[in-house]
Amino acid sequence: MEWRSKLTTVACLAALVLLAACSVSYKFNGASIDYNKTKTIQIADFPIRASYVWGPMGPLFNNALKDEFANHTRLIQVKRNGDLRIDGEITQYTQRNKSVSAEGYSAQTELSMTVNVRFTNNTNHAEDFERQFTATSNYETTQSLSSVQEQLVTEMTKNLCEQIFNATVANW
């Protein structure tokens, strides 16, 4: 009976050693960056080139984009000569009627924001691209744009920053 107890103890110890030797690594931020090769990122401020402009939109977008990379990567942000480089411009900020009420009036308006992004990966130029990203938000026409604009631009900015992050370092 004693040999069964010893065998059980040895089997349990072997199982613990095997479990300890195995490790699983998860990245919840989605970034797939080789930090041995890529250490820095240069993110330029995006000027507004749209015909319609809301003043705070530029700084709001630029800060949110930099924050996205600061919060989800270990890349050091630099002013020049980054291993990765992101620049571009806000090219469109428009609103249009989204739906019509039974009386024939606009019931809902769609606000959209488009940015043109140029991405350069100085460690692997095969990943370079220039692409446009668009985000939209809707609001009831009974509300004035000025009363919902900050909230909607913040939502669209968050969406755009996630799209840019995924396209540049998450490889989605």
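Keep in mind that this is a model prediction, so the values were computed, not measured.
Taking Thr141 as the reference, Ser106, Thr109 meet the side-chain hydrogen bond (donor to acceptor under 3.5 Å, both in side chains) condition, with sequence neighbours excluded. Under the rule for a salt bridge (Lys or Arg N to Asp or Glu O under 4.0 Å), the partners of Arg96 that lie at least two apart in sequence or sit in another chain are Glu110. For Thr40, the side-chain hydrogen bond (donor to acceptor under 3.5 Å, both in side chains) partners at least two apart in sequence or on another chain are Asp83. Every side chain to side chain contact (heavy atoms under 4.5 Å, CB included) that Ser144 has, sequence neighbours left out, goes to Ser146, Ser147. With sequence neighbours excluded, the residues satisfying salt bridge (Lys or Arg N to Asp or Glu O under 4.0 Å) with Arg118 are Asp87, Glu89, Glu130. Residues satisfying the side-chain hydrogen bond (donor to acceptor under 3.5 Å, both in side chains) test with Asn159, not counting sequence neighbours, are Gln163. Scored by the side-chain hydrogen bond (donor to acceptor under 3.5 Å, both in side chains) test, Asn63 finds no partners at all (sequence neighbours excluded). Listed by chain and residue number, Asn36, Lys37 satisfy the side chain to side chain contact (heavy atoms under 4.5 Å, CB included) test with Asp34 (two or more places apart in sequence, or in another chain). Listed by chain and number, the residues in a side chain to side chain contact (heavy atoms under 4.5 Å, CB included) with Ala107 are Ser99, Ser101 (sequence neighbours excluded).
A heavy-atom distance below 4.5 Å is found between the side chains of Leu145 and Leu111. Using a 4.5 Å heavy-atom threshold, the side chains of Leu60 and Val153 count as touching. At least one side-chain heavy atom of Val115 sits under 4.5 Å from a side-chain heavy atom of Ile164.
If you take SG on Cys161 and CG on Leu65, they are separated by 4.5 Å, rounding to the nearest 0.5 Å. A distance of 6.5 Å separates CE of Met156 from CE of Met113, quoted to the nearest 0.5 Å. For the atom pair CD of Glu127 and OG1 of Thr120, the computed distance is 11.5 Å after rounding to the nearest 0.5 Å. Residue Leu84 holds its CG atom at 10.0 Å from CD of Gln42, rounded to the nearest 0.5 Å. Thr114 OG1 to Ile90 CD1: the interatomic distance, rounded to the nearest 0.5 Å, is 10.5 Å. Here the CE atom belonging to Met57 is positioned 8.0 Å from the CD atom belonging to Gln149, to the nearest 0.5 angstrom.
The salt bridge (Lys or Arg N to Asp or Glu O under 4.0 Å) contacts involving residues 143-168 comprise Lys158-Glu162, where partners must be two or more places apart or lie in separate chains. Screening residues 110-146 for ring-ring contact (aromatic ring centres under 6.0 Å, His included) gives Phe119-Phe129 as the qualifying pairs, with residues at least two apart or on separate chains.
The two atoms that bring Pro59 and Gly55 nearest to each other are CD-O, 3.7 Å, heavy atoms only. The two atoms that bring Gln132 and Asn116 nearest to each other are CG-OD1, 3.5 Å, heavy atoms only.
A donor-acceptor pair shorter than 3.5 Å can be found between the side chains of Ser112 and Thr94.
Looking only at distances, no side-chain donor or acceptor of Thr73 sits under 3.5 Å from a matching main-chain atom of Ala70. Under a 3.5 Å cut-off, the side chain of Asn122 and the backbone N or O of Asn81 do not form any donor-acceptor pair. Between the side chain of Asp128 and the backbone N or O of Asn121, at least one donor-acceptor pair lies under 3.5 Å.
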Check against side-chain contact (heavy atoms from CB on, under 4.5 Å), Asn138 and Lys98
CA-CA 8 Å; Asn138 299 323; Lys98 179 78 174 170; 4.0 Å; yes

Sequence neighbours left out, cut at 3.5 Å: what donor-acceptor pairs do the side chains of residues 43-52 make with other protein atoms?
unit_1	atom_1	unit_2	atom_2	d
Asp45	OD1	Lys66	NZ	2.7

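Under the 4.5 Å side-chain heavy-atom criterion for ILVMFWY residues, no single connected hydrophobic cluster contains both Phe69 and Ile76. By the criterion of side-chain heavy atoms lying less than 4.5 angstrom apart, applied directly or through intervening Ile, Leu, Val, Met, Phe, Trp or Tyr residues, Val78 is not grouped with Tyr35; the two fall into different hydrophobic clusters.
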